[in-house]
Amino acid sequence: MNREADLKRIVSGRVAENEPMAGYTTLGVGGPADCFVEVTSEDELAALMRHISEKCLPWMVVGDGANLLISDKGIRGIVIKLGEPFTRVEVDGLKIEAGSAARISRVADIAATHDLSGLEGVGTVPGSLGGAIVMNAGTHRGYIDEVTESVSVVTETGEKRILPHKECGFSYRKSRFQWDRSMIITFATFKMRVGDGEAIAQHLESVRKHRAETQPQGKSAGCFFKNPPGLSAGKLIEGVGCKGWREGGAIVSPVHANFIMNVENATATDLYNLAERVRLQVLEVHDIELEYEVRIIGEW
Ligand code: EPU
């Protein structure tokens, strides 16, 4: 209880002990976090990180939960969520400043309404702005780093910093934030180009429509495995006969084999066991070891 009271003095957002994580992930599974904390400003986040570092507590940040498989046993330590003020999107001429909890698709839509081009490549990808920066997300129409001018962060010791593009370590689908876990992304500033808003909006709509037609709808974390170099994980998994495989309430989607879905109140263990069976099958048939694209969190 002490811990909860301490945290409530620091943040004005929600603080809850033993908070079930299932409601914070698109897969709809995940046991309790020891302590869940929602922060509502950068200053609050900085104060929280100072507290966490003084007490040497384990911590992690959840974004949209679109790429997480959290174990049924949950997460030890503090789980931090950036609250509503971090969904802010502000347009000023060619610049856009947006919070890391904003959906990247929403930021791209807002850019289109201002005739600003540069985010349409990444604007069709699911997830939050922060997640998109970490993954340097995008498509052949452009990656997020191409328009990213700077990224604001709070460090694990509670300092606020602004990293210019060149300090973000961007390369193809990579950024420093994948290996340097000492920073929490709070905002990003984009330098856009003048574009044709209507054409951008049409592009966003047609890619989203295509995705809705070719990818299964329902409780998923998107693609479960990374594509091995030059190959498609979905094609490989289908080729070794895993489509439709089940484990408890989990299924390998008959629509796209790289989607392992929660269809009937699956547990995290159902999903994980099914994913491991799929990995083993691909390994046995093709001698290819699939790597997880989803982040696997907690104890198993
Ligand atoms: N395919 C099959 N069987 C399947 C699934 C796919 O034969 O069950 C074939 C398709 O017919 C196609 C090829 O495999 O010829 C590639 O499939 P797709 O076009 O669906 O693309 P993908 O490589 O499976 C990637 C991303 C997706 C993203 C799509 C579209 C990865 C691991 N996946 O999928 O990202 O939505 O391209 O841009 O990079 C995600 O990030 O969660 C995700 C789903």
Side-chain angles (χ1 to χ4, degrees), residues 24-30 62-70 103-105 107-108 119-146 170-175 177-178 200 202-246 250-263 271-272 274-279 281-283 285-286 288-297:
Y24 297 98
T25 66
T26 53
L27 270 171
V29 298
V62 289
D64 245 13
N67 203 33
L68 297 181
L69 174 57
I70 299 176
R103 290 248 160 86
I104 194 62
S105 56
V107 186
L119 283 171
E120 53 272 33
V122 66
T124 53
V125 170
S128 63
L129 180 153
I133 297 264
V134 173
M135 301 308 294
N136 191 11
T139 61
H140 68 278
R141 281 284 292 246
Y143 288 81
I144 196 165
D145 73 294
E146 290 160 27
F170 288 122
S171 62
Y172 175 68
R173 287 187 194 270
K174 286 206 165 64
S175 77
F177 308 106
Q178 287 172 24
I200 295 167
Q202 264 171 22
H203 164 78
L204 291 169
E205 197 194 311
S206 78
V207 176
R208 286 172 191 157
K209 188 161 164 273
H210 176 74
R211 211 174 267 252
E213 284 163 3
T214 54
Q215 295 185 351
Q217 308 301 304
K219 288 185 186 169
S220 86
C223 285
F224 233 81
F225 300 104
K226 293 181 186 167
N227 285 335
L231 295 169
S232 154
K235 208 175 210 165
L236 279 173
I237 298 167
E238 176 170 358
V240 297
C242 298
K243 260 191 178 172
W245 275 15
R246 290 194 70 133
I251 190 167
V252 178
S253 169
V255 178
H256 191 301
N258 201 4
F259 281 65
I260 298 184
M261 317 275 298
N262 172 2
V263 279
L271 289 153
Y272 185 65
L274 184 56
E276 284 293 294
R277 277 174 57 202
V278 166
R279 249 159 62 83
Q281 179 80 351
V282 172
L283 184 66
V285 178
H286 291 296
I288 293 172
E289 204 162 337
L290 289 178
E291 246 183 80
Y292 282 98
E293 151 91 12
V294 295
R295 277 180 68 201
I296 313 276
I297 311 275

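All values below were derived from every heavy atom in this structure, side-chain atoms included, with hydrogens, water molecules and symmetry-related copies excluded. Note that ligands are numbered from 1 as they come in the structure, with each ligand's atoms numbered from 1 the same way. If you're wondering where the values come from, they're calculated on a predicted model, not measured in any experiment.
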* To do: Step by step, work out the side chain to side chain contact (heavy atoms under 4.5 Å, CB included) result for Tyr24 and Leu68.
  => CA-CA 9 Å; Tyr24 297 98; Leu68 297 181; over 6 Å; no
* Please walk me through it: do Phe170 and Glu146 pass side chain to side chain contact (heavy atoms under 4.5 Å, CB included)? -> CA-CA 9 Å; Phe170 288 122; Glu146 290 160 27; over 6 Å; no
* Asked: Does the side chain to side chain contact (heavy atoms under 4.5 Å, CB included) test come out yes or no for Leu274 and Arg246, once each step is laid out?
  -> CA-CA 7 Å; Leu274 184 56; Arg246 290 194 70 133; 5.7 Å; no
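Considering both main-chain and side-chain atoms, Phe225 never comes within under 3.5 Å of ligand 1 through any nitrogen or oxygen pair. At least one N or O atom of Gln215 sits closer than 3.5 Å to an N or O atom of ligand 1.
Ranking protein heavy atoms by distance to atom 39 (O) of ligand 1, first place goes to Asn227 ND2, 3.6 Å. Looking at atom 2 (C) of ligand 1, its nearest protein heavy atom turns out to be Glu238 OE1, 3.4 Å. Given atom 41 (O) of ligand 1, the protein heavy atom at minimum distance is Glu293 OE2, 3.8 Å. For atom 15 (O) of ligand 1, the closest non-hydrogen atom on the protein side is Lys235 NZ, 4.0 Å. Protein heavy atom nearest atom 8 (O) of ligand 1, with residue, atom name and distance: Ala257 N, 2.7 Å. When hydrogens are left out, the protein atom nearest atom 13 (C) of ligand 1 is Ser232 OG, 3.7 Å; that is the closest non-hydrogen contact. When hydrogens are left out, the protein atom nearest atom 42 (O) of ligand 1 is Cys223 N, 2.7 Å; that is the closest non-hydrogen contact.
Within the 4.0 Å heavy-atom criterion, the part of Phe259 lying near ligand 1 is the side chain and not the backbone.
To the nearest 0.5 Å, atoms CZ (Arg103) and OG (Ser128) are separated by 8.5 Å. Once rounded to the nearest 0.5 Å, the distance linking CD1 of Ile260 with SG of Cys223 reads 10.5 Å. From His256, atom NE2 reaches atom OG of Ser232 across 6.0 Å, with rounding to the nearest 0.5 Å.
Between Lys209 and Glu213 a salt bridge is recorded (basic side-chain N to carboxylate O distance below 4.0 Å). The pair Glu276-Arg279 meets the salt-bridge criterion, since a charged nitrogen lies less than 4.0 angstrom from a carboxylate oxygen.
The contact set between ligand 1 and Lys243, taken as ligand atoms under 4.0 Å from a residue heavy atom, comprises 8 (O). Interface atoms of ligand 1 facing Gly222, defined by a heavy-atom separation under 4.0 Å, are 42 (O). Proximity to His256 (heavy-atom distance under 4.0 Å) selects the following atoms of ligand 1: 5 (C), 6 (C), 8 (O), 18 (P), 20 (O), 24 (O). Contact atoms of ligand 1 toward Arg211: 28 (C), 36 (O), 38 (O) (distance under 4.0 Å to a heavy atom of the residue).
Protein heavy atoms all stay at least 4.0 Å away from atom 37 (O) of ligand 1. Inside a 4.0 Å radius of atom 19 (O) of ligand 1 there is not any protein heavy atom. For atom 10 (C) of ligand 1, no protein heavy-atom neighbour is present inside the 4.0 Å cut-off.
Side-chain atoms of Arg211 never come within 3.5 Å of backbone atoms of Val125 as a donor-acceptor pair (strictly under, hydrogens ignored).
Atom NE2 of His286 is surrounded by more than 12 heavy atoms from other residues, nucleotides or ligands within 6.0 Å.
Ring geometry, Tyr292 versus Tyr272: the interplanar angle falls under 30°, so the pair is classed parallel (tilted spans 30 to 60°).
Ligand 1 has no atom lying under 4.0 Å from any heavy atom of Thr214.
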